[in-house]
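Some notes on the structure that comes next.
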Amino acid sequence: MDLEKLVADLAKERDRLGRAITALMGSAGKALSGGGKKKRVGRPKGSTTKKRKRGGLTPAGRKRLSIAMKKRWAERRKQQG
């Protein structure tokens, strides 16, 4: 058998198998792998995260809260003692 003919036959067989695999992966491959595209998880690409606002107490509000809590704790100590 001629070597060139053998190589040409093998190339044809390779192409035929490649088409068969592509056809199978196109139909049955999706069913085997769980579907087509996978759902993306997380933030969309290009979105920015918003900076979370923290605190919210002004120095005056913090002072009022401190005084109120100290008063509350003093009353509790008085009730326990």
Rounded to the nearest 0.5 Å, what's the gap from CZ on Arg77 to CD on Glu75? Could you check?
11.0 Å
For the pair Glu13 and Arg16, find out whether any cationic side-chain nitrogen is under 4.0 Å from an anionic carboxylate oxygen.
yes
Using the test salt bridge (Lys or Arg N to Asp or Glu O under 4.0 Å), find all partners of Glu4 that sit at least two apart in sequence or belong to another chain.
none
Are the charged groups of Lys5 and Asp9 less than 4.0 angstrom apart, N to O?
yes
With a 3.5 Å cut-off and sequence neighbours excluded, list the donor-acceptor pairs that the side chains of residues 55-64 form with protein atoms.
from	atom 1	to	atom 2	distance (Å)
Thr58	OG1	Gly61	N	3.1
Arg62	NH2	Leu57	O	3.2

Are Leu17 and Met25 connected into the same hydrophobic cluster when the rule is that any two of I, L, V, M, F, W, Y join if their side-chain heavy atoms are below 4.5 Å apart?
no
